[in-house]
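Notes to accompany the following structure.
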4 protein chains.
Amino acid sequence: MPWDLKPDRPIYVQLVEQIEQMILSGVFPPGSKLPSVRDLAKEASVNPNTMQRALSELEEEGLIITHRTSGRSITEDAGMIEKARIRIARNHVDEFLEKMQKLGFDRKEILSLITEMIQEVEK
Amino acid sequence: MPWDLKPDRPIYVQLVEQIEQMILSGVFPPGSKLPSVRDLAKEASVNPNTMQRALSELEEEGLIITHRTSGRSITEDAGMIEKARIRIARNHVDEFLEKMQKLGFDRKEILSLITEMIQEVEK
Amino acid sequence: MPWDLKPDRPIYVQLVEQIEQMILSGVFPPGSKLPSVRDLAKEASVNPNTMQRALSELEEEGLIITHRTSGRSITEDAGMIEKARIRIARNHVDEFLEKMQKLGFDRKEILSLITEMIQEVEK
Amino acid sequence: MPWDLKPDRPIYVQLVEQIEQMILSGVFPPGSKLPSVRDLAKEASVNPNTMQRALSELEEEGLIITHRTSGRSITEDAGMIEKARIRIARNHVDEFLEKMQKLGFDRKEILSLITEMIQEVEK
DNA sequence: GTGGTCTAGACCACC
DNA sequence: GTGGTCTAGACCACA
């Protein structure tokens, strides 16, 4: 598990992103129970308050459900999760393409650069 | 001219990015003179100090040269500019790939999604 | 403690040098916590912004690490510190040799003069 | 001839230093006539006012003499020149040694580092 | 007029 | 309380 927190951006934002990714990528499957705030905080070496704040945000997004007595769990609506995954991905692509086009890259160049770099990473 | 500054990130960072792009896209051609700090600041409705900081960063990058008493100019070294363009592009690709992989997309999926969307944009 | 600031060079540069030296000479040991910007500024009778700028430079050099909400500390990487010490020393030697050569001293003369004077100091 | 002027320090200071060095190293021998301000300025690609200012400083130091009608010349007092050369050199060594000792280098280390670097330069 | 530096004072997000 | 950012306004050396 990552939990790589850098001091350049707010901790709680990074926690939101990382937990989001764990949900969307299936580390926490739909309907599964989430560890307690305390445990999550300890695992991420973070103040419980900070973890608390991150979970609240995820609840607002609808990815997490709070049960009054028995902790939190991932939403059971698998469709919703998949939809979120696609939506976020398309956003990333959109932003990426816009930035590259502003730099004067055309489609061909973008594709060739990205395939080149994707193979470097592979090593 | 852009100068659209949003309050979500430091202004000086956005200034750096926007001026960077003006240089890379030829709004300020290599070797040309840059308006004075005060003029640029006024135009962007920003405090001169903030603009100054942005320009200093661009100087560290090697895109801008400052002549102590007679203003600043864009570097004449076209190679320098091209290098900056590549560097920035690779940064964008890096960030993009990292985000997508965290969402659980593998190389093949990333490439197919991006080629799909790049053709939508084309229309 | 030094904090002798002369008006002939930018204050923030002198601050960088002096703090640098405190780190290299062990006044602030590796891993130790640094006083807050405000405290340091007050101690040096300097505006907090000026001190902040000095600390930012030290961070870029890798000598200092900043924890967004809990202050700054000296890097724990002793190698980093040693590298800085060498880098600065070589700079001094470079500047020194250049000055001497411009005065028309050749290698032999430089070495003999310096060995002579180094022994005077010894007394 | 050097005339390498960098934009990081006042031009006229650099001119003073470089002309000083030419005198002390014998490029302009004692008693010899100095080119006119205009010529010197043209050669250094500098505004005559700036060169003028540099020469005034050298005059104050006593290295240069102005003849009301026939330009300037180097002082004829060869002893004075040699004394200045030595004095300045010893100052450089002093400053250098002090800096190195502050960095924690002892005599042996200083000598070994300097002999090492002096040979690198030689290549 | 140009860039560079500094001060004073303020506000913000974060923990 | 911490660092980070921004504004406003000032002064300086330089050409």
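Note that the structure is a prediction, hence the values are computed from the model and not measured.
Residues passing the side chain to side chain contact (heavy atoms under 4.5 Å, CB included) test with D:Asp39 are D:Pro35, D:Ser36, sequence neighbours excluded. Under the salt bridge (charged side-chain N to carboxylate O under 4.0 Å, His left out) criterion, C:Arg38 pairs with no residue at all, not counting sequence neighbours. In terms of the salt bridge (charged side-chain N to carboxylate O under 4.0 Å, His left out) criterion, residue partners of B:Glu82 (sequence neighbours excluded) are, by chain and number, B:Arg85.
Contact of the B:Val13 side chain with the B:Glu57 side chain is not registered, since no non-hydrogen atoms from C-beta on lie closer than 4.5 Å.
Among residues at least two apart or in separate chains, side-chain hydrogen bond (donor to acceptor under 3.5 Å, both in side chains) pairs with a member in residues 16-28 of chain B are B:Asp4-B:Gln18, B:Arg9-B:Glu17.
Within a 6.0 Å radius of NZ in C:Lys33, more than 12 heavy atoms belonging to other residues, nucleotides or ligands are found.
Base pairing annotation: E:dC11 forms a Watson-Crick or G-U wobble pair with F:dG4, both donor-acceptor distances under 3.5 Å.
Distance, C:Leu34 CG to F:dG1 P: 18 Å, rounded to whole Å. Between D:Glu57 atom CD and F:dA13 atom C1' there is a gap of 13 Å when expressed in whole angstrom units. Straight-line distance from the CG atom of C:Leu40 to the P atom of F:dG4: 13 Å, rounded to whole Å.
Contacts between residues 58-67 of chain C and DNA chain F, counted as heavy-atom distances below 4.0 Å, involve C:Thr66.
Within the model, atoms CD of B:Glu98 and NE2 of A:His92 stand 10.5 Å from one another, a figure rounded to the nearest 0.5 Å.
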Per-nt protein contacts along nucleotides 5-15 of chain E (heavy atom under 4.0 Å; B base, S backbone sugar-phosphate only, - none) come out as BBBBB----BS

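For B:Glu59 and B:Arg72, the salt-bridge test fails: no basic side-chain N is under 4.0 Å from an acidic carboxylate O.
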